[in-house]
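Structure record follows, encoded as structure tokens.
Count residues from 1 along the sequence. Computed from a predicted structure; not experimentally measured.
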Amino acid sequence: MADRFFPNPMPEFVAEAKPSTPQEQQEAVTVGAGEGSSLLKLLAMPHAPLSERLKRAALDLKETIVVETWGFSGQHARDFTLYCGLLGTGFLLFKSYQVTGNTNELALCSQIVKACDNASLRSRDVTFICGRAGVCALGAVAAKHGGDDESLKYYLAQFQKIKLPKDLPDDLLYGRVGFLWACLFLNKHLGQGIVPSDYTATIVGEIIKNGRALGTKGKCPLMFEWYGEKYWGAAHGLAGIMHVLMDMELKPDELEDVRGTLKYMIHNRLPSGNYPASEEDKKRDVLVHWCHGAPGMALTLVKAAKVFGDKEFLDAAIEAGEVVWSRGLLKRVGICHGISGNAYVFLSLYQLTGNVMYLYRAKAFACFLLDRAHKLISRGEMHGGDRPYSLFEGVGGMAYFFLDMVDPSQAKFPAYEL
């Protein structure tokens with residue numbers, strides 16, 4: 001199991017000043033020896049200079065990613081998706097525009113979305129992360145920011161043409177809630193009502209109906225299958241579906257089913273505080289990823305704590321965060337199943353609680369990546385991703401995370417948190 005992650009070498013807390021107490025001095029000696037000295041210096045760096053270093057690293061990475069995914073491709077989209085394809089580069093450029101205000105980033109984002117639009121015209125996939133809805137939604141929002149009314153109308157019209165197949169699953173990556181997230185993204189950036197609530201309510205009703213058909217009264221009210229397996233995680237399972245449903249307008253009984261489902265998951269979590277990958281595999285304590293395990297569930301529990309005001313959800317989110325701190329330095333760099341994605345657990349907990357310990361932990365994961373990621377990848381000790389420049393598997397996710405660390409109070413896990 002330990003071969004999936006690096007033992008966490010970082011102190012529980014490093015103040016943004018030179019060590020003063022004997023205990024802090026001893027921690028500095030322990031961590032500051034050898035290779036760890038550069039990491040300790042980063043951990044002790046105040047927010048302003050550190051965030052500037054992270055921003056510079058992110059913008060340098062962004063330039064490389066654009067060259068590799070856009071320049072070397074002949075400006076064509078072999079894979080148009082946000083997950084591992086060219087739209088992920090567009091999404092990173094949009095984030096860079098939001099952070100820097102550089103309109104050149106927005107213009108390039110729009111060019112990339114146009115290429116993705118052409119490549120996705122015949123796609124049957126409908127979600128934000130892996131389908132045409134992501135292309136149309138990002139295209140519309142980029143056009144709005146760029147003052148391009150013609151493109152805005154075009155992408156919104158194209159979004160309205162998307163039809164959900166009857167055999168569509170309900171998961172985030174390929175299913176109904178992945179399409180709903182695109183609707184939420186449009187409403188957030190363009191104004192509530194761009195996608196009418198009566199339209200999304202029909203889709204929500206279908207999801208609830210499917211969940212109840214597989215659910216068990218008195219145990220887990222809602223349950224879903226993806227290719228015959230009852231997954232629990234954010235990408236294909238319960239955590240992701242509940243996460244999106246909590247952003248929708250739900251009837252009281254539907255909201256109660258969401259609450260009951262989350263409580264079922266908490267009560268059946270693993271002894272370590274981690275969460276199993278599926279209903280069929282409740283004893284295997286291996287995965288600590290956004291897609292499967294504690295990280296994705298922690299983000300969903302933070303939202304549940306806000307929605308329901310239930311201390312049980314907050315306590316469970318904090319416990320899941322402890323799992324991520326101890327086992328979340330994965331030997332991968334990305335958002336889906338890597339260090340970059342896991343760090344968002346601490347940002348989310350920080351935003352909910354105001355506890356600076358969680359901000360430190362997010363900073364610690366960022367410092368670990370800034371100090372060691374490229375060296376570890378070059379030595380073959382860390383996996384750079386099958387698509388190494390992509391948003392969800394590769395360094396695109398690390399660049400996005402670094403940009404989010406410029407203002408941690410506003411950070412959101414891409415294509416998951418609104």
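With hydrogens and angles disregarded, a donor-acceptor distance shorter than 3.5 Å links the side chain of Ser390 to the backbone of Gly394. Under a 3.5 Å cut-off, the side chain of Thr353 and the backbone N or O of Leu349 do form a donor-acceptor pair. In this structure, Asn8 contributes its side chain and Trp325 its backbone to a donor-acceptor pair below 3.5 Å. Checked by atom type and distance alone, the side chain of Thr300 pairs as donor or acceptor with a backbone atom of Gly296 at under 3.5 Å. For the pair Thr89 (side chain) and Val66 (backbone), a donor-acceptor distance under 3.5 Å is absent.
Residues Trp181 and Tyr416 place their aromatic rings such that the two centres sit no closer than 6.0 Å. Annotation: Phe128 is not in aromatic contact with Phe179 [ring centroid separation under 6.0 Å not met].
Across all non-hydrogen atoms, the minimal contact from Met10 to Ala364 is SD-O, 3.3 Å. Shown here for Leu330 and Met382, the closest heavy-atom pair between the two residues is O-CE, 3.8 Å. Taking each heavy atom of Leu172 and Ala415 in turn, the nearest pair found is CD2-O, 4.4 Å. When every heavy atom of Leu86 is checked against every heavy atom of His76, the shortest pair comes out as CD2-O, 4.1 Å. In plain terms, the two heavy atoms of Met265 and Ala239 that are nearest each other are CE-N, 4.1 Å. In this structure, Gly396 and Leu391 approach most closely via the heavy-atom pair O-CD1, 3.8 Å.
Ring pair Phe6/Phe368 is tilted by interplanar angle, where 30° to 60° counts as tilted. By the 30° and 60° cut-offs, the orientation of the rings of Trp232 relative to Tyr275 is tilted. Ring-plane geometry between Tyr400 and Phe91 is classed as parallel, the angle between the planes falling under 30 degrees on a 0 to 90 degree scale with a further cut at 60. Using the six-membered ring where Trp is involved, Phe392 and Trp290 have ring planes that are perpendicular, over 60° apart on the 30 and 60° scheme.
Thr261 contributes atom OG1, which lies 10.0 Å from atom CD1 of Ile241 (distance to the nearest 0.5 angstrom). With rounding to the nearest 0.5 Å, the separation of NE2 in His337 from CG in Leu287 is 10.5 Å. One finds the CD1 atom of Ile318 at 8.0 Å from the CG atom of Leu352 (value rounded to the nearest 0.5 Å). In this structure, NZ in Lys161 is found 12.5 Å from CG in Leu156, a value given to the nearest 0.5 Å. The distance from atom CD1 of Ile112 to atom CG of Leu87, rounded to the nearest 0.5 Å, is 9.0 Å. Atom-to-atom distance recorded for Asn187:CG and Asp247:CG is 11.0 Å, nearest 0.5 angstrom.
Here Lys209 does not pair with Asp170 in a salt bridge; the nearest charged N to carboxylate O distance is not below 4.0 Å. Between Arg269 and Glu319, at least one side-chain nitrogen of the basic residue sits less than 4.0 Å from a carboxylate oxygen of the acidic one, meeting the salt-bridge criterion. Salt-bridge check for Lys230 with Glu225: passed, with a basic side-chain N closer than 4.0 Å to an acidic carboxylate O. Between Lys95 and Glu105 there is no salt bridge, since none of the side-chain N atoms of the basic residue sits less than 4.0 Å from a carboxylate O of the acidic one. Using a cut-off of 4.0 Å between Lys/Arg side-chain N and Asp/Glu carboxylate O, Glu16 and Lys363 are scored as salt-bridged.
Under 3.5 Å, the side chains of Arg132 and Ser120 contain a donor-acceptor pair of N or O atoms. In this model, no donor atom of one side chain and acceptor atom of the other lie less than 3.5 Å apart for His383 and Lys331. Side-chain contact of Ser409 with Gln351: a donor-acceptor pair under 3.5 Å is absent, judged by distance alone.
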Item to complete: In sequence, state the C-alpha distance, the side-chain angles, and the governing distance for Glu206 and Lys166, and then conclude on side chain to side chain contact (heavy atoms under 4.5 Å, CB included).
Response: CA-CA 10 Å; Glu206 186 72 16; Lys166 290 184 179 180; over 6 Å; no

Discussion item. Please determine whether side chain to side chain contact (heavy atoms under 4.5 Å, CB included) holds for the pair Leu238 and Phe224, giving the CA-CA distance in whole Å, both sets of side-chain angles, and the decisive distance to 0.1 Å.
Written reply: CA-CA 7 Å; Leu238 289 172; Phe224 302 87; 3.8 Å; yes

Discussion item. Quick one, Glu12 with Arg361, criterion side chain to side chain contact (heavy atoms under 4.5 Å, CB included). Give me CA distance, side-chain angles, the key distance, then yes/no.
Written reply: CA-CA 8 Å; Glu12 284 295 321; Arg361 289 183 172 186; 3.2 Å; yes

Worksheet item: Can you list the steps and then say if Tyr344 with Asp404 is a side-chain hydrogen bond (donor to acceptor under 3.5 Å, both in side chains)?
Response: CA-CA 9 Å; Tyr344 278 90; Asp404 255 337; 2.7 Å; yes

Practice prompt. I would like to know whether Tyr350 and Tyr358 meet ring pair (Phe, Tyr, Trp, His ring centres under 6.0 Å); could you show each step before the answer?
Written response: CA-CA 5 Å; Tyr350 168 65; Tyr358 295 118; 8.5 Å; no

Item to complete: Evaluate side chain to side chain contact (heavy atoms under 4.5 Å, CB included) for Glu393 paired with Tyr83, printing each intermediate quantity in order.
Response: CA-CA 8 Å; Glu393 284 194 358; Tyr83 187 86; 3.8 Å; yes

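Within the 4.5 Å cutoff, the side chain of Ile266 has heavy atoms near those of the Leu301 side chain. Contact annotation: the side chain of Met248 never approaches that of Ile203 to less than 4.5 Å [non-hydrogen atoms, C-beta and beyond]. Looking at heavy atoms from C-beta onward, Lys62 lies out of side-chain contact with Leu403 at the 4.5 angstrom threshold. Contact of the Asn210 side chain with the Arg176 side chain is registered, since non-hydrogen atoms from C-beta on lie closer than 4.5 Å. Contact annotation: the side chain of Met297 approaches that of Leu262 to within less than 4.5 Å [non-hydrogen atoms, C-beta and beyond]. Side-chain contact between Val195 and Leu184: absent, with no pair of heavy atoms (C-beta onward) separated by less than 4.5 Å. Between Leu173 and Thr127 there is no side-chain heavy-atom pair separated by less than 4.5 Å. When side chains are defined from C-beta on, Leu39 counts as touching Pro9, because their heavy atoms get closer than 4.5 Å.
Exactly one of Met405, Lys412, Gln410, Glu417 qualifies for a side chain to side chain contact (heavy atoms under 4.5 Å, CB included) with Leu347. That residue is Met405.
Listed by first then second residue, pairs satisfying salt bridge (charged side-chain N to carboxylate O under 4.0 Å, His left out) with a partner in residues 256-266 read Arg212-Asp257, Glu256-Arg259, Arg259-Asp310, Lys263-Asp310, Lys263-Glu312, not counting sequence neighbours.
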Only pairs under 3.5 Å count here: list side-chain donor-acceptor contacts from residues 48-61, not counting sequence neighbours, and write none if there are none.
{"residue": "Ser51", "atom": "OG", "partner": "His47", "partner atom": "O", "Å": "3.1"}
{"residue": "Ser51", "atom": "OG", "partner": "Ala48", "partner atom": "O", "Å": "3.0"}

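By the neighbour-count criterion of 12 heavy atoms within 6.0 Å, atom NZ of Lys219 is sparsely surrounded, having that number or fewer from other residues, nucleotides or ligands.
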